[in-house]
Amino acid sequence: MNTLISDSAVENSVDPRRYHESVKSQRPIVATRPPVCLYLETTNRCNLLCTTCPRTYEELEPPADMSWELFTSIVDQVPDLARAVLHGVGEPMLVKNLPRMVRYLKDRGVYVLFNTNGTVLNERNGRALIAAGLDELRVSLDASNAKSFREIRGKNYFDRILRNVRAFRDLQISESHDKPVVSAWLTGLKETVVELPAFVKVAAEIGVKEVYLQRLVFFDEKAIGKAKPDQALFESMTRDDAVYLKEAEDLARSLGITFSASGAASEPGVSLKNTDGHSPWSMCRRPWSLMYFTANGRALPCCIAPFSQHGYEHYTLGDATQQSLREIWNGPAYQAFRAALLSDAPPKACANCGLRWSL
């Protein structure tokens with residue numbers, strides 16, 4: 001997603017403080033353009049119990065799938081939409097209407113992707129997603145073996161997922177389908193960094209050509225499961241950790257696999273490392289470029305906020321079931337959020353995110 005600034009811009013700046021001030025001055029609290037990206041939480045239901053996910057430990061909102069009416073209402077209000085991400089805190093492939101949603105977006109020329117745990121990926125729904133025109137299918141695997149998978153993701157589905165993804169890739173290859181591009185993702189934990197090379201090997205064995213190491217975001221207080229400070233790979237990466245990372249990079253290269261460990265952003269190839277210590281959160285452009293809606297229609301600033309601060313009430317910016325997107329986008333709550341993000345006292349969810357640059 002091209003909504004964040006890469007750290008090359010910071011590294012090439014002569015004066016980091018001046019750079020940060022110029023970045024902030026370019027973004028008024030009243031957004032001058034509508035969003036170009038939507039995160040649509042197609043469901044908040046899930047069939048796993050991941051130890052890095054808040055929904056495992058508390059009910060964030062009433063269980064729901066996003067209704068077709070709510071989905072189309074939101075999409076139709078963004079005529080210049082360029083990118084749609086169809087996931088939130090649930091498993092999108094549990095949603096019956098998912099291929100239909102993908103097709104609706106593709107008919108409007110939108111780039112569409114989502115993360116899946118791969119547990120229910122089968123030939124029928126795989127073919128449906130191919131036919132719908134899905135651009136990317138990101139498989140959040142988080143482990144290189146069944147034991148680690150169960151410890152991190154709560155259930156014993158590792159082998160099933162590998163079979164599902166391998167079968168899907170075989171289908172794509174046999175029928176010459178280039179889309180969706182399939183990638184494998186591992187959340188960066190101190191506990192599993194040793195598995196990085198093995199993770200790359202597993203990806204190769206199931207026919208996946210792209211591997212990404214994703215950062216861990218954790219709460220400031222009341223840590224949950226494995227989402228806590230002693231598990232995060234940030235700032236003080238050890239020499240041993242670096243060895244595993246280098247080994248994974250070399251192995252990926254030898255296997256013809258793309259490997260990215262930028263980790264400091266939710267998208268590959270984009271990094272926001274805290275290189276100078278000057279309000280790193282102020283570099284984020286998400287409140288000026290994207291909107292996130294939960295399955296119930298609640299507007300949140302981004303997909304990271306639920307993992308960074310407890311309680312949706314702290315960063316709810318509107319309700320798509322009661323307000324138009326225009327009203328939400330430059331309403332009082334969004335303006336106040338943008339103003340805080342550009343200040344030295346950012347919203348708590350942003351400070352937690354911005355100060356914890358993993359890898």
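Quick note: numbers below take in every heavy atom, side chains included, and nothing from hydrogens, waters or symmetry partners.
By the rule that hydrophobic residues join a cluster once side-chain heavy atoms approach within less than 4.5 Å of another member, I206 and V181 end up as members of separate clusters. One hydrophobic cluster, built from ILVMFWY side chains closer than 4.5 Å, cannot hold both L49 and V120; they sit in different ones.
Side-chain contact of N164 with R169: a donor-acceptor pair under 3.5 Å is absent, judged by distance alone. Counted by atom type alone, T316 and R298 present one or more donor-acceptor pairs between their side chains at under 3.5 Å. Between W185 and S183, the side chains place a donor N or O and an acceptor N or O closer than 3.5 Å (distance only, hydrogens not considered). Between the side chains of E41 and Y292, at least one donor-acceptor pair of N or O atoms lies under 3.5 Å. N296 and E61 are linked by a side-chain donor-acceptor pair at a separation below 3.5 angstrom, with hydrogens and angles left out of the test. Looking only at atom types and distance, the side chain of Y244 has no donor-acceptor partner in the side chain of E195 under 3.5 Å away.
A143 approaches F158 most closely through the heavy-atom pair O-CE1, 3.4 Å. Contact between F149 and Y157 at its shortest, heavy atoms only, is CE2-N, 3.8 Å. Of all the heavy atoms in P180 and Q172, the pair that sits closest is O-NE2, 2.9 Å. The two atoms that bring L251 and P197 nearest to each other are CD2-O, 3.2 Å, heavy atoms only. Here the closest non-hydrogen pair linking A31 and W329 is CB-NE1, 3.5 Å. Of all heavy-atom pairs spanning G118 and T116, the tightest one is N-OG1, 3.0 Å.
A donor-acceptor pair under 3.5 Å links the side-chain atoms of Q77 to the main chain of S73, judged by distance alone. At distances below 3.5 Å, not a single donor-acceptor pair connects side-chain atoms of Y312 with backbone N or O atoms of L300. No donor-acceptor pair closer than 3.5 Å links the side chain of R83 to the backbone N or O of V112. Proximity of a side-chain donor or acceptor of T42 to a complementary backbone N or O of M66 within less than 3.5 Å is not detected. Looking at R338, its side chain does come within 3.5 Å of a backbone N or O of I29 through a donor-acceptor pair. Checking side-chain atoms of E91 against main-chain N and O of C46 turns up no donor-acceptor pair under 3.5 Å. Checked by atom type and distance alone, the side chain of N125 never pairs as donor or acceptor with a backbone atom of A128 at under 3.5 Å. With hydrogens and angles disregarded, a donor-acceptor distance shorter than 3.5 Å links the side chain of S174 to the backbone of L171. Under the 3.5 Å distance criterion, the side-chain polar atoms of Q323 are matched with a main-chain donor or acceptor of D319. Listed for the H87 side chain is a donor-acceptor partner under 3.5 Å among the backbone atoms of N115.
Distance check: T43 OG1 to N97 CG gives 11.5 Å after rounding to the nearest 0.5 Å. Remark: L113 CG to D135 CG distance equals 7.5 Å, nearest 0.5 Å. Interatomic distance, CD1 of I152 versus CG of L48, reported as 12.0 Å (0.5 Å rounding). Note that the CG atom of N156 and the CZ atom of R160 stand 9.5 Å from one another [nearest 0.5 Å]. Distance OG/S144 to NZ/K201: 10.5 Å, rounded to 0.5 Å. Rounded to the nearest 0.5 Å, atoms CZ (F337) and SG (C350) are 3.5 Å apart.
Contact check for Y212 versus L186: no side-chain heavy atoms found under the 4.5 Å cut-off. Between V102 and L86, some side-chain heavy-atom pair lies under the 4.5 Å cut-off. Between L341 and P287 the shortest side-chain heavy-atom distance falls below 4.5 Å. Between M101 and W68, the closest side-chain pair of non-hydrogen atoms falls below 4.5 Å. Residues V36 and L81 fail the side-chain proximity criterion, which asks for heavy atoms closer than 4.5 Å. Counting heavy atoms from C-beta outward, N117 and S140 have side chains that stay 4.5 Å or more apart. A heavy-atom distance below 4.5 Å is found between the side chains of F293 and I328. When side chains are defined from C-beta on, L290 does not count as touching L38, because their heavy atoms never get closer than 4.5 Å.
With Y104 as the fixed residue, the side chain to side chain donor-acceptor pair (under 3.5 Å) test singles out one of R108, K106, R100: R108. When each of K155, R153, K147 is checked for a salt bridge (Lys or Arg N to Asp or Glu O under 4.0 Å) with E151, only K147 meets the rule. When the options V95, L98, L40 are evaluated for a side-chain contact (heavy atoms from CB on, under 4.5 Å) with F114, the one that passes is L98.
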**Message:** Evaluate V139 against V182 for side-chain contact (heavy atoms from CB on, under 4.5 Å), listing each step before the verdict.
**Reply:** CA-CA 7 Å; V139 182; V182 181; 4.2 Å; yes
- Task: Apply salt bridge (Lys or Arg N to Asp or Glu O under 4.0 Å) to D159 and R163, showing your working.
- Result: CA-CA 6 Å; D159 292 335; R163 289 194 300 271; 5.3 Å; no
V211 vs L196, test: side-chain contact (heavy atoms from CB on, under 4.5 Å). Steps then yes/no.
CA-CA 10 Å; V211 172; L196 268 176; 5.8 Å; no
I'd like to know whether L60 forms a side-chain contact (heavy atoms from CB on, under 4.5 Å) with N44, so could you lay out the CA-CA distance, the side-chain angles of the two residues, the decisive distance to 0.1 Å, and finally the verdict. CA-CA 9 Å; L60 304 174; N44 57 25; over 6 Å; no
Checking side-chain contact (heavy atoms from CB on, under 4.5 Å) for the pair E210/I257: CA distance, chi angles, key distance, verdict?
CA-CA 6 Å; E210 296 185 10; I257 289 177; 5.8 Å; no
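Summarising the local packing, CG of D178 is surrounded by 12 or fewer heavy atoms from other residues, nucleotides or ligands at distances under 6.0 Å.
By the 4.0 Å N-to-carboxylate-O rule, E175 lies close enough to R127 to be salt-bridged with it. Under 4.0 Å is where a charged nitrogen must lie from a carboxylate oxygen, and between D65 and R45 at least one such pair does. The pair R166-D170 meets the salt-bridge criterion, with a side-chain N (NZ, NE, NH1 or NH2) lying under 4.0 Å from an Asp/Glu carboxylate O.
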